[in-house]
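No experiment lies behind these values; they were computed from the predicted model shown. Basis for what follows: all heavy atoms, side chains included, without hydrogens, waters or symmetry-related copies. In this chain, residues are counted from 1 in sequence order.
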Amino acid sequence: MINDLFSLSAWASGQNNIESLLENTLNSLEKIPNFKKTCFCIINKNELILQAGSKEIDLSHLFQIFQKAKPIKAIAEEAFILLPVFIKEQLVALIIIETQSSCDLEALDDFAKIFSNTLSRIHEKEELENSYRETLEQNRIKTELLATISHELRTPMANILGFSELLSIRDFNPVKQKEYQEEIYKSAQRLSNMINNFLDLARIEDQTGPALSSFQKSNICELIDKAWAAIKHINQDYQLKLESENEPVYAQVDAEAITRVFINLFSNAIKYAAESKEILCSIKNRRNNIEICVKDYGRGIDADELESIFKRFYRSEKAKNHTVPGTGLGLWICKEVIEAHQGRIWCESEVNSGSSFCFTLPIGN
């Protein structure tokens, strides 16, 4: 048996793939005389979970043995040998061997150490590869974000400078003058919203969560009115329809942060509303919270993108193809704020029929 384990240990130490290491190790162990069955089990808090090997071994019985022994070395118990498997000194699994005779536990323990070292090396390699891929992805996202920011800032800034210069060098009739002033205001409001989102991004990243100042009982309908008032001057063609089961509706929130959520959702709805000029905001009472939905009647979102739209910097293919302005931060910030309120946010959408962005908030006392 010792020679067999020595050969197997030499083979195992050269592996670079966990699946290959596991499969071949179990197959080789079962070829050793007196070893009837083998299996590899992940250690869970409540049970041993079979990862590979024999399905005939009684894991519930062995879990009781494991809980009693808590092995740090190979141990023999009844007709079984338990070989502990470690990753970075943390016990993560057991190799279980069913045998009919006594075995050299010291040799088996040495094999288990070699197996653990190999598993740790493969695990570290995979962690490095994953970290490298994540770094590349983050760099790609940052490069794309910088390009987006440059474009998004340039357009409103050019409008502000251009129309301001026109108003300063020429006299226009009152109608034209008001038109140019409204264009300046629209561009300034757009810049303000982007800057607020970038500030929220910085706060969330620095504090691993949104900067919420204070929670207080707030009238949600008043926050909705405040948010709509902040953007209606630059979207005068659009109408907000509010539906509420009863009024007033209160929730325990950071009023400023939730107002920003409404501004982002309203702005988003307007961007994708297409020909429809109506935005619906509904409030429903649930058992321990309220549910709020902001609905547009625009082009909708493809089903395969619904899980991604709340990711940081994510922009749908439709948004890119239709050159809809945006940085991919608004919905992510909404998600961070709502989750910080112990609520949840989601989207329901049907292509060419519009989208509903819904979230919950705790009921105020």
Side-chain angles (χ1 to χ4, degrees), residues 189-190 192-193 196-197 200 210-301 306 309-310 326 329-365:
Q189 187 68 49
R190 184 174 162 188
S192 176
N193 288 340
N196 283 331
N197 278 343
D200 286 340
L212 304 181
S213 55
S214 62
F215 287 78
Q216 56 187 354
K217 187 178 179 180
S218 303
N219 187 326
I220 296 302
C221 293
E222 289 181 359
L223 300 186
I224 291 172
D225 290 340
K226 181 180 178 181
W228 186 253
I231 64 173
K232 71 177 182 180
H233 295 295
I234 59 175
N235 300 284
Q236 296 181 7
D237 294 336
Y238 293 85
Q239 298 294 323
L240 177 68
K241 181 180 179 182
L242 179 61
E243 292 182 351
S244 178
E245 294 178 346
N246 56 3
E247 199 174 332
V249 179
Y250 291 96
Q252 201 75 19
V253 299
D254 181 311
E256 183 178 348
I258 294 301
T259 301
R260 292 279 302 132
V261 168
F262 282 121
I263 289 174
N264 272 322
L265 292 181
F266 291 155
S267 299
N268 207 57
I270 289 170
K271 286 180 188 178
Y272 298 98
E275 285 72 26
S276 173
K277 301 298 181 183
E278 183 178 270
I279 307 299
L280 174 64
C281 183
S282 62
I283 307 175
K284 297 179 181 179
N285 292 302
R286 300 304 185 198
R287 180 177 297 178
N288 298 314
N289 53 43
I290 57 173
E291 181 180 299
I292 303 166
C293 291
V294 176
K295 179 175 177 57
D296 65 72
Y297 299 91
R299 60 177 64 99
I301 303 169
L306 287 177
I309 56 176
F310 292 101
L329 286 174
L331 291 177
W332 174 72
I333 290 171
C334 289
K335 180 176 181 290
E336 292 288 322
V337 170
I338 296 303
E339 289 183 350
H341 283 78
Q342 305 303 312
R344 69 183 188 96
I345 186 169
W346 69 96
C347 176
E348 299 171 357
S349 185
E350 185 177 344
V351 175
N352 298 324
S353 295
S355 303
S356 293
F357 286 87
C358 304
F359 61 92
T360 59
L361 290 172
I363 293 175
N365 298 317

Within this structure, what is the [atom1]-[atom2] distance for the pair [X] and [Y], rounded to the nearest 0.5 Å?
{"X": "Thr360", "Y": "Arg286", "atom1": "OG1", "atom2": "CZ", "value": "10.0 Å"}
{"X": "Tyr297", "Y": "Ile279", "atom1": "OH", "atom2": "CD1", "value": "8.5 Å"}
{"X": "Leu242", "Y": "Cys281", "atom1": "CG", "atom2": "SG", "value": "5.5 Å"}
{"X": "Ile231", "Y": "Ser267", "atom1": "CD1", "atom2": "OG", "value": "4.0 Å"}
{"X": "Phe310", "Y": "Trp346", "atom1": "CZ", "atom2": "CH2", "value": "9.5 Å"}
{"X": "Leu223", "Y": "Ser218", "atom1": "CG", "atom2": "OG", "value": "5.5 Å"}

Do [X] and [Y] have side-chain heavy atoms sitting under 4.5 Å apart?
{"X": "Val261", "Y": "Phe357", "answer": "no"}
{"X": "Asn285", "Y": "Ile290", "answer": "yes"}
{"X": "Cys347", "Y": "Ile309", "answer": "yes"}
{"X": "Ile292", "Y": "Val249", "answer": "no"}
{"X": "Leu265", "Y": "Leu331", "answer": "yes"}
{"X": "Ile283", "Y": "Cys221", "answer": "yes"}
{"X": "Asn219", "Y": "Tyr250", "answer": "yes"}
{"X": "Leu361", "Y": "Ile338", "answer": "yes"}

Of all the heavy-atom pairs spanning [X] and [Y], show the shortest one and how long it is.
{"X": "Ser349", "Y": "Leu306", "result": "CB-CD2, 4.1 Å"}
{"X": "Ile345", "Y": "Cys334", "result": "CD1-CB, 4.0 Å"}
{"X": "Ile333", "Y": "Asn264", "result": "CG2-ND2, 4.4 Å"}

Derivation of the side-chain contact (heavy atoms from CB on, under 4.5 Å) call for Asn268 and Val294: CA-CA 10 Å; Asn268 207 57; Val294 176; over 6 Å; no

Does any N or O in the side chain of His341 come within less than 3.5 Å of the main-chain N or O of Asp254, such that one atom is a donor and the other an acceptor?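 Checking the backbone N and O of Asp254 against the side chain of His341, a donor-acceptor pair under 3.5 Å is found.
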
Distance-only, no hydrogens or angles: does the Ser356 side chain make a donor-acceptor pair with backbone N or O of Lys295 under 3.5 Å?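 Pair absent, no side-chain N/O of Ser356 close to backbone of Lys295.
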
For Glu243, salt bridge (charged side-chain N to carboxylate O under 4.0 Å, His left out) partners two or more places apart: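 Glu243: salt bridge (charged side-chain N to carboxylate O under 4.0 Å, His left out) contacts with Lys241.
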
Could you go through the disulfide bond (SG atoms under 2.5 Å apart) check for Cys293 and Cys358 one step at a time? CA-CA 4 Å; Cys293 291; Cys358 304; 2.1 Å; yes

